[in-house]
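Report on the following structure.
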Amino acid sequence: ICVIVDSYDPLKLNRVKVQVPQVTGTAITNWIPASSGSHPVGKAPYGSWSSTITQTATLANTNYVVKLDNIDDSYGISFDNANDYIIFQNSGTYNVQFSAQIYQPTNSTPDIDIWIQINNVDVPNSAGRLTTSNQIHYVLPSWNYVLALNAGDKLRFLWSTTVGGTQMLYRAGQTSPNAQIGRAHV
């Protein structure tokens with residue numbers, strides 16, 4: 001563990017001064033480059049993507065990739081539009097969050113499963129299940145995963161439903177009579 005103790009580099013060599021505490025004796029202080037990997041020290045990788053399309057699970061019990069078509073913002077994490085992969089450029093521990101609007105237009109009560117894949121492999125224990133009813137047609141799941149990922153890992157979300165016609169709904173934002181935001185977010 002080291003602590004940045006000075007970010008002003010008098011020689012303008014893009015360095016920061018860090019201090020490494022010691023169990024015994026004096027702490028070690030030294031200058032290190034102001035970047036670690038491909039991102040500056042103190043700036044963590046992040047990303048936000050969303051979908052502006054309604055995605056319909058036309059067939060029951062079929063896996064569907066969650067399509068993301070809008071890059072809201074990102075740094076140190078890229079996105080592969082062709083395969084809907086979120087690609088992590090640096091190894092580390094990430095808090096991956098998502099939300100979605102699920103809609104069942106019929107009077108059915110489907111179970112909907114949502115889970116993640118990393119490098120095309122389903123992540124064990126990542127699936128969550130929710131159910132709509134003939135009285136509650138809309139459900140808004142939202143949860144997060146804390147994952148240790150390696151540089152180059154590719155993550156994507158998948159979903160399946162027991163009733164065809166279930167939708168991951170997009171609704172355009174409106175301003176009246178009340179504001180409603182309508183995009184699924186990752």
Side-chain angles (χ1 to χ4, degrees), residues 44-174 178-186:
Y46 62 89
S48 177
W49 299 271
S50 59
S51 178
T52 57
I53 56 174
T54 294
Q55 301 169 51
T56 302
T58 54
L59 300 173
N61 304 310
T62 302
N63 298 348
Y64 291 93
V65 173
V66 175
K67 300 292 182 187
L68 302 171
D69 65 344
N70 190 51
I71 300 172
D72 299 319
D73 196 11
S74 72
Y75 176 79
I77 302 174
S78 59
F79 187 71
D80 173 358
N81 287 355
N83 298 299
D84 292 292
Y85 286 117
I86 299 166
I87 304 170
F88 296 83
Q89 297 171 1
N90 297 287
S91 297
T93 301
Y94 292 84
N95 183 350
V96 179
Q97 305 175 18
F98 89 94
S99 67
Q101 292 189 74
I102 303 296
Y103 174 63
Q104 176 46 250
T106 68
N107 284 332
S108 302
T109 57
D111 291 326
I112 299 101
D113 293 316
I114 302 172
W115 69 98
I116 56 176
Q117 283 185 341
I118 297 176
N119 301 325
N120 278 333
V121 176
D122 293 338
V123 175
N125 304 312
S126 70
R129 174 167 283 182
L130 50 131
T131 303
T132 64
S133 73
N134 59 3
Q135 295 174 348
I136 302 171
H137 296 276
Y138 294 92
V139 180
L140 183 67
S142 175
W143 57 83
N144 64 310
Y145 306 90
V146 176
L147 303 166
L149 297 167
N150 296 310
D153 277 351
K154 298 176 181 181
L155 180 144
R156 66 181 175 180
F157 289 86
L158 287 93
W159 68 299
S160 180
T161 178
T162 57
V163 175
T166 303
Q167 296 177 339
M168 191 168 286
L169 185 66
Y170 166 73
R171 289 184 62 194
Q174 66 186 53
N178 52 19
Q180 296 180 0
I181 305 300
R183 295 191 296 191
H185 268 277
V186 172

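The shown structure was predicted, so the numbers you read here are calculated from the model rather than taken from an experiment.
Once rounded to the nearest 0.5 Å, the distance linking CG of L155 with CG of D84 reads 11.5 Å. Taken from CD1 in I102 to OG1 in T132, the straight-line distance is 9.0 Å, to the nearest 0.5 Å. Atoms CG and OG, on N144 and S99 in that order, are 11.5 Å from each other to the nearest 0.5 Å. Taking CD1 of I112 as the reference point, atom OG1 of T131 lies at 6.5 Å (rounded to 0.5 Å). Between the CG atom in D72 and the OH atom in Y46 there is a gap of 11.5 Å [rounded to 0.5 Å]. If you take CD1 on I118 and CD1 on I86, they are separated by 10.5 Å, rounding to the nearest 0.5 Å.
Between the side chains of Y64 and T58, at least one donor N or O sits under 3.5 Å from an acceptor N or O. T106 and Q104 share a side-chain donor-acceptor pair at under 3.5 Å. With no hydrogens or angles considered, a side-chain donor-acceptor pair links N70 and S50 at under 3.5 Å.
V65 places none of its side-chain heavy atoms less than 4.5 Å from the side chain of N83. No side-chain heavy atom of V66 sits less than 4.5 Å from a side-chain heavy atom of W49. Put simply, the side chain of Y170 reaches to within 4.5 Å of the side chain of T54, judged on heavy atoms. Residues D153 and Y94 fail the side-chain proximity criterion, which asks for heavy atoms closer than 4.5 Å.
Scanning all heavy atoms of the two residues, the minimum distance from P141 to V139 falls at CD-O, 3.3 Å. Here the closest non-hydrogen pair linking T62 and S160 is O-OG, 3.2 Å. In terms of heavy atoms, G152 sits closest to I87 at O-CG2, 4.2 Å. The minimum heavy-atom distance between G164 and A60, with the atom names listed, is N-CB, 3.8 Å. Residues P110 and T166 come closest through the heavy atom pair CG-OG1, 3.8 Å. Of all non-hydrogen atoms in S126 and Y145, the two that sit nearest each other are O-OH, 2.7 Å.
Around CG of N125, the count of heavy atoms belonging to other residues, nucleotides or ligands within 6.0 Å does not exceed 12. Applying the 6.0 Å contact sphere to NZ of K154 captures no more than 12 heavy atoms from other residues, nucleotides or ligands.
In terms of modelled atom types and a separation under 3.5 Å, the side chain of S51 and the main chain of D69 share no donor-acceptor contact. Checking side-chain atoms of T162 against main-chain N and O of D111 turns up a donor-acceptor pair under 3.5 Å.
Between W143 and F98, the ring planes lie perpendicular to each other; the angle is over 60°, past the 30° to 60° tilted range.
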List the steps and the verdict of side-chain contact (heavy atoms from CB on, under 4.5 Å) for Q89 and S78. CA-CA 7 Å; Q89 297 171 1; S78 59; 3.5 Å; yes
Let's go through V96 and F88 carefully: what are the C-alpha distance in whole Å and the side-chain angles of both, what is the deciding distance for side-chain contact (heavy atoms from CB on, under 4.5 Å) to 0.1 Å, and is it a yes or a no? CA-CA 11 Å; V96 179; F88 296 83; 4.2 Å; yes
Go through the steps for Y85 and N120 under the test side-chain contact (heavy atoms from CB on, under 4.5 Å), then give the verdict. CA-CA 10 Å; Y85 286 117; N120 278 333; 2.4 Å; yes
